[in-house]
Amino acid sequence: MESIETDVLVIGAGPGGSSAAKHAAKNGVDVTLIDKKSELGAPKRCGEGVSKDGLKSVGIELNSKWITKELNGARLISPDGTDVWMGNNHVKFSEADYIIERKIFDKYLAMDASRAGANILIKTLASDMKRENNNYIVNCKSMGQDFNIKSKIVIGADGIESRVGRWANLKTNFKPENVASGVQFEMIGVEMEDPNCIEFYFGSVAPGGYAWVFPKGDDVANVGLGIVSKFTDKSAYQHLQEFIAKCYATQNANPIEINTGGIPVGGMLKRIVSDNLMIVGDAAGQVNPLTGGGIISALKAGKYAGEVAKAAVKDGNYSKKRLEEYEKKCKTDFNPIFKKYLKSRNYIRSLSDNDIDSIFKAIQTQEIENINPSEIIKLLIKISPKAVLKLGNLF
């Protein structure tokens, strides 16, 4: 069996994996990045919204090749149709400035990793791995050929269904209530009230989550939702079909692509490192528990993992204790706000449709200057006695 040796092996070439490979490959560390897919970025498993500040925080410059829409703001809709507008003409909305094309964006990130020195192998599946003599031996399959990769450090970026963490005996299973089932159509013929604003729909339209319409340009949009199975007897697909049939924007629209997948919304896992190993992105639960957004946090985590891996290789120390520097960086960055959003998410899940309608009507009477998840929760605390009791000590 053919064998490849590398300093750092990254498994999974999504945003977290490519970011890790890029930052590990700088300054002469040998990095190999593998992905089981034939085409990076496909299938997409998100609404494709990102913030300008988030991209800036990881040093990614804007590129018109992967930006499909620059947004002016957002429209939030309650079950009875009460809406709250947030945008440049209303209030500052800072959570999603752009809709991107993941099929181009993910390739762009992988190209960045390659330019930094990483070697990329596509359509390469990691089938199992074991730790031997302070290295990992990873068995791989590609185009009918079997081979293995020997690596000092493995970075697992293989998504919510990650096997890498389990192979390293990390507890990577997510509780059912902490996994949202997502389904999304890319649709043509979408007729939005404002095609420069993203739309969010709350309540029983998507039990345990929310529905969205994210414009991508002209009459094209991502239309999807996420649900939690414990709150409904229907599938996510059934809920989406019902939403599309009722939503004014999708009455005359047709799907041209469908994507499905699980979204970890329970916060970051407690342990994300082991000897010779780190996990990043969805595999580590590094997703905003309130919004389900994970692109920016995956990019940040990948950067931290890559930098720690590079330093560990230079030191010749790949122990769990050495790699815990990565875990500490992630806990410092993500955990404080994730814990607040997790409690806020649980409160929102407890609201009835009538509760949500009442809150939205109250919001319409408030003066709002800036909107992000933190400000929304502060506003809920201000207008809802129930929220004061459950969330009053968070913000």
Side-chain angles (χ1 to χ4, degrees), residues 1-25 28-45 103 106-107 109-173 260-262 272-284 298 302 305-306 309-310 312-313 316 318-320 323:
M1 181 183 292
E2 182 183 354
S3 181
I4 298 172
E5 291 194 22
T6 189
D7 292 325
V8 179
L9 171 63
V10 183
I11 301 175
S18 288
S19 178
K22 170 186 173 181
H23 290 281
V29 172
D30 189 81
V31 176
T32 300
L33 172 62
I34 69 173
D35 197 284
K36 64 184 179 181
K37 297 186 294 293
S38 301
E39 179 184 7
L40 301 183
K44 64 190 179 192
R45 290 189 176 181
K103 294 174 185 176
D106 284 22
K107 291 175 186 174
L109 296 177
M111 290 175 189
D112 263 1
S114 177
R115 293 186 180 107
N119 179 45
I120 301 175
L121 302 176
I122 58 171
K123 203 169 178 59
T124 300
L125 173 69
S127 55
D128 63 69
M129 68 184 198
K130 59 182 178 179
R131 189 166 173 268
E132 290 183 357
N133 301 321
N134 203 25
N135 289 277
Y136 265 109
I137 308 298
V138 181
N139 293 326
C140 300
K141 298 178 182 294
S142 180
M143 305 299 290
Q145 300 296 314
D146 294 335
F147 64 99
N148 62 51
I149 300 176
K150 180 180 179 181
S151 182
K152 300 178 177 72
I153 296 173
V154 171
I155 298 176
D158 51 337
I160 188 174
E161 63 279 342
S162 172
R163 297 188 294 173
V164 173
R166 295 198 301 274
W167 287 334
N169 296 317
L170 292 176
K171 295 181 179 179
T172 57
N173 292 328
T260 63
I272 56 174
V273 303
S274 185
D275 290 322
N276 306 81
L277 181 128
M278 297 175 277
I279 56 175
V280 305
D282 283 13
K310 177 176 63 179
V313 169
Y318 330 118
S319 67
K320 175 183 175 182
L323 301 184

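For the side-chain hydrogen bond (donor to acceptor under 3.5 Å, both in side chains) test, no residue two or more places apart in sequence or in another chain qualifies with Asn173. Every residue was checked against the salt bridge (charged side-chain N to carboxylate O under 4.0 Å, His left out) condition with Lys36, not counting sequence neighbours, and none meets it.
Counting only heavy atoms from C-beta outward, the side chains of Lys150 and Thr6 never approach each other to under 4.5 Å. Side-chain atoms of Met111 and Arg115, non-hydrogen and from C-beta on, do get closer than 4.5 Å to each other. Inter-residue side-chain proximity for Thr32 and Ile34 is flagged as met; some heavy-atom pair is nearer than 4.5 Å. Using a 4.5 Å heavy-atom cutoff, the side chains of Asp7 and Tyr318 are not in contact. Ile11 places a side-chain heavy atom less than 4.5 Å from the side chain of Val138. Residues Lys123 and Lys37 fail the side-chain proximity criterion, which asks for heavy atoms closer than 4.5 Å. You'll find the side chain of Leu109 stays beyond 4.5 Å of the side chain of Ser19, heavy atoms only. A heavy-atom distance below 4.5 Å is not found between the side chains of Leu9 and Ile155.
Atoms CD and CD1, on Glu2 and Ile149 in that order, are 9.5 Å from each other to the nearest 0.5 Å. Here Arg131 contributes atom CZ and Ser274 contributes atom OG; the two are 7.0 Å apart, rounded to the nearest 0.5 Å. We find the CD-CG distance between Glu5 and Asn135 to be 7.5 Å, quoted to the nearest 0.5 Å. Distance check: Ser38 OG to Ile122 CD1 gives 6.5 Å after rounding to the nearest 0.5 Å. For the atom pair OG of Ser162 and CG of Asp282, the computed distance is 10.0 Å after rounding to the nearest 0.5 Å. With rounding to the nearest 0.5 angstrom, the CE atom of Met278 is 5.0 Å from the CG atom of Leu323.
Ion pairing of Asp275 with Lys320 is absent here, as no side-chain N (NZ or NE/NH1/NH2) approaches a carboxylate O to less than 4.0 Å.
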Verdict with supporting geometry, Lys130 and Glu132, salt bridge (Lys or Arg N to Asp or Glu O under 4.0 Å): CA-CA 6 Å; Lys130 59 182 178 179; Glu132 290 183 357; 3.2 Å; yes

Criterion side-chain hydrogen bond (donor to acceptor under 3.5 Å, both in side chains) on Ser127 and Asn139, from CA distance to verdict: CA-CA 6 Å; Ser127 55; Asn139 293 326; 5.2 Å; no

Working for side chain to side chain contact (heavy atoms under 4.5 Å, CB included), residues Leu170 and Ile272: CA-CA 7 Å; Leu170 292 176; Ile272 56 174; 5.5 Å; no

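Shortest non-hydrogen contact noted between Leu277 and Val164 is CD1-CG1, 3.6 Å. Of all heavy-atom pairs spanning Ser142 and Thr124, the tightest one is OG-OG1, 3.4 Å. Closest approach of Leu33 to Gly17, counting heavy atoms only: CD1-O, 4.0 Å. Summarising the geometry of Asn276 relative to Lys152, their closest heavy-atom pair is ND2-O, 2.8 Å, with the distance given to 0.1 Å. Residues Ile120 and Ala110 come closest through the heavy atom pair CD1-O, 3.3 Å. In plain terms, the two heavy atoms of Ala126 and Arg163 that are nearest each other are O-NH2, 2.8 Å.
Looking only at distances, no side-chain donor or acceptor of Asp106 sits under 3.5 Å from a matching main-chain atom of Gly14.
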